[in-house]
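Working notes, structure below.
Along the sequence shown, the residues carry numbers beginning at 1. As a basis for the values below, the full set of heavy atoms in this structure was taken, side chains included, without hydrogen atoms, waters or symmetry mates. Since the model is a prediction, treat every value here as computed from it, not as a measurement.
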Amino acid sequence: MVNVQDGYGSSILGYPRIGPHRELKRALEGYWRGGVSRDELLAVGRDIQERQYNGLAATGLTQVPGNTFSFYDHILDNALLFGAVPARFKPYQDELHPLDFYFLMARGRPDLPPLELVRFFGTNYHYRQPELDENTEFSLHPEALLDEWDRAKAGDIELRPVVVGPVSLLLLSKAGHIPGEGGGFDTLSLLDKLLPVYEELFEILAKRGSTCVQLDEPCFTSERTPAELAAFERAYQRLSTSALRPRLLVTGQYGDFGEALRILAETNVEAIGLDLASYRIQPEELAEIPGIRRKRLYAGVISGLNVWRADRYVTLEYLNELAEVCPDLVVSTGTTLLHVPYDVLAEYEIEGNVADRLAFAQQKVGEVVSLAKALTEGPSDKWRKRPTEVHFKQKHAVRQRVYAITPDMRSREPYEVRRAAQQRKLNLPPVPATTLGSFPQTNRIRQARYDLGQGKLSYDEYRKKIEAEIEATIRLQEDIGLDVLVHGEHERNDMIQYFAELLDGFATTHFGWVQVYGSRCVRPPIIYGDVSRPAPMSVEWISYAQSLTDKPVKGMVTGPVTMIARSFVRQDQPLFETADQVALAIRDEVVDLERAGISIIQVDEPAIRELLPMRPQGRAEYLRWAVGAFRLATSGVKPETQIHTHIGYSGRTEVVDAIEELDADVTAIVATRSIEWVLKALEEDSASGHGLTHGVGPGVYESRSARIPDIDELDELLTAAAEAISSERLWANPDGGLKTRHYWQLEPSLRNMVAAARRVRRRAMPTE
């Protein structure tokens, strides 16, 4: 670590790990298919690691993070680092190679579901949730961490190992056993068993010569109970007084570290990392925290969650003020850079006025190094002149239309009126069976999309290929017996990017890949200007699908909140203004779908929880405008047109209330293997007056899993759902799209779901 008298340090908290050209994705998928050997996959991983730490050291960073690479997910890596293997996987641990056992936990197999996939702190990243129970025993398995550390050290680079902090590791885990009478098992009860294993790791690192280890505690940037804060204090009072250890850097990423900052300041922890890009604490407020002046402060002034360049002069002024309070200061990123693409210089089609304002991971490292040097020596002559006010692309017509929004544009006729009109028009049976949109993307469709982009295929030829795929999808659904069909979304590369490419005000990238989980990557679009819809985006494909069948085909559109939650959004205006602009564009699409004869339109909002503030302040205001944007997008249609949405469930009362206020006719809920909890919550919410009173489709099987659920299992879940919300309002559906599945998995799963729905229907209508 750098002494303050030698100048201010520079560091980052993590880096992308899929490879600049998605090398890991290709190697992983090749290995899973059997075309890449284990040794070849391991070699790809080592190469990515070594290029990363050598490249970061060459930038001038004074501290380089290590143990940030993962073959699938870093939370799963940390669970295995400390030996947290669920009982259901233990029988396979000795018979499989460690890498194959790792993938078994991450991906499962038809008879063994994987660990649950959970979204990570409002980002687009998902982690595999560790499972713990009262009998969990921890043990240390640091081989991979130490191997990377040794290789870097041999090259004269000392890495700072990054490990999930013990309290967050427990809080991010799922209780694997819930007793009947004694209440739920509290994962924090395992803390005293886990801490000695962290101390064991510290001792090994210290003996190897490591001077600092990074412990990430992101759970403490959200609202925590007194018991959780007490556990946090107990953990760091103990760890910071361990007999033999490196210095400890404890980070609070993704928001305001709150009370955890005060707790750490009173321990012997040497360094604290704050996400000052997400929550800019004032220097005078920081100065009031007892003990803070003795700490090394990792000032996370460069955002790891957006792609906009920082204002160097404003940021430098802030850093100088912080240095008055904490003289031992390291310029850093607020979070890991896992959530941004690698390098903006690889993008050759983003117009210059936009590209000049962007900073991807590589550019953000440069910003950190430059700011640390300027803090030590003053601004360099090589710094550009101070940037003028950022001018985002504005359209007068769009702004006038937003200003003209009235409350009537966010409301429809009462639900009961709509329900009667829709039943007359659609004549659907009880417990209608449907899917949530996407069907598998075949290699021939991916190739057709690529050839169209390369000019190797005319649009007419491309359209014929897509239409053939749509027809095959319609015929399959008719044969399976679904009641409401979808067109399969074969023309779409991604639910966000597809629409972003067709909307004005969005920029899309060629190589701006960001990891979602495992080998799954997306290219988040960039909202740089006022948003409008030049032409219909989905009407052509959905109208064609509807022409092939007498059954209703759902129109599929991504909702405004999800569009902005999964994009990098302009920062010159409030989010609610951008949301309303996107909502008006979606509204136009929804109205055009209705005019084309589409009677059911699904406006997906799976990300509506993702922008929810981590702490209570601001939640009510966020939900107000998020609900308003959805209703603006969906309230332009007639009562007989049925509006569906697809959301992620949350047990928070205010979120349940907001879902109800969306006023969708049918809400499909992401539940995965937690559906029993969702049904219980729905019953409790109904009893408390906070339930969902419209149609509900609590996803009855996990769409991301290869496992094929049997009829009895699905029947049991649907029966429980019918008891919770009544069969008249119940829909049968998976919990997400089926894009990542194979047809051999999809078809039997859907047939079983339809059979289970018909059983429940017969019981609800005995004369059928």
*Checking side chain to side chain contact (heavy atoms under 4.5 Å, CB included) for the pair Phe121/Glu610: CA distance, chi angles, key distance, verdict?*
CA-CA 7 Å; Phe121 292 101; Glu610 294 169 21; over 6 Å; no

*May I have the step-by-step check of ring-ring contact (aromatic ring centres under 6.0 Å, His included) for Phe120 and His74, ending in yes or no?*
CA-CA 11 Å; Phe120 194 68; His74 63 283; 5.7 Å; yes

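The closest side-chain donor-acceptor pair between Glu148 and Asn67, if any, does not fall under 3.5 angstrom. There is no side-chain donor-acceptor pair under 3.5 Å between Gln497 and Thr508. A side-chain donor-acceptor contact under 3.5 Å links Arg17 and Gln515. Checked by atom type, the side-chain pair His510/Glu347 shows no donor-acceptor distance below 3.5 Å. If you check the side chains of Asp275 and Thr335, you find no donor sitting under 3.5 Å from an acceptor. Looking at Gln447 and Asn443, their side chains never bring a donor and an acceptor atom within 3.5 Å of each other. Under 3.5 Å, the side chains of Arg119 and Asn124 contain a donor-acceptor pair of N or O atoms. Side chains of Thr251 and Asp216: a donor-acceptor N/O pair is present below 3.5 angstrom, by distance only. Between the side chains of Thr558 and Asp604, no donor-acceptor pair is found at a separation under 3.5 Å. Between the side chains of Gln602 and Lys554, at least one donor-acceptor pair of N or O atoms lies under 3.5 Å.
Proximity of the aromatic rings of Phe499 and Phe506 is defined here by a centroid distance below 6.0 angstrom, and this criterion is not met. In summary, the aromatic rings of His339 and Phe568 are positioned with their centroids too far apart to meet the 6.0 Å limit.
Judged by distance alone, with hydrogens and angles left aside, the side-chain atoms of Arg741 form no donor-acceptor pair with the main-chain N or O of Leu746 at under 3.5 Å. Put simply, the side chain of Gln441 gets close to the backbone of Arg492: a donor and an acceptor are under 3.5 Å apart.
Listed by chain and number, the residues in a salt bridge (charged side-chain N to carboxylate O under 4.0 Å, His left out) with Asp39 amount to none (sequence neighbours excluded). In this view, His490 satisfies the ring pair (Phe, Tyr, Trp, His ring centres under 6.0 Å) rule with no residue, not counting sequence neighbours.
Closest of all the heavy-atom pairs between Ala84 and Phe138 is CB-CE2, 4.1 Å. Between Leu436 and Gly737 the shortest heavy-atom distance is CB-N, 4.4 Å.
Arg109 forms a cation-pi arrangement with Tyr92, by the criterion of a distance under 6.0 Å to the ring centre and an angle within 45° of the ring axis.
Separation of atoms CD (Glu461) and NZ (Lys456) is listed at 13.5 Å; rounding is to 0.5 Å.
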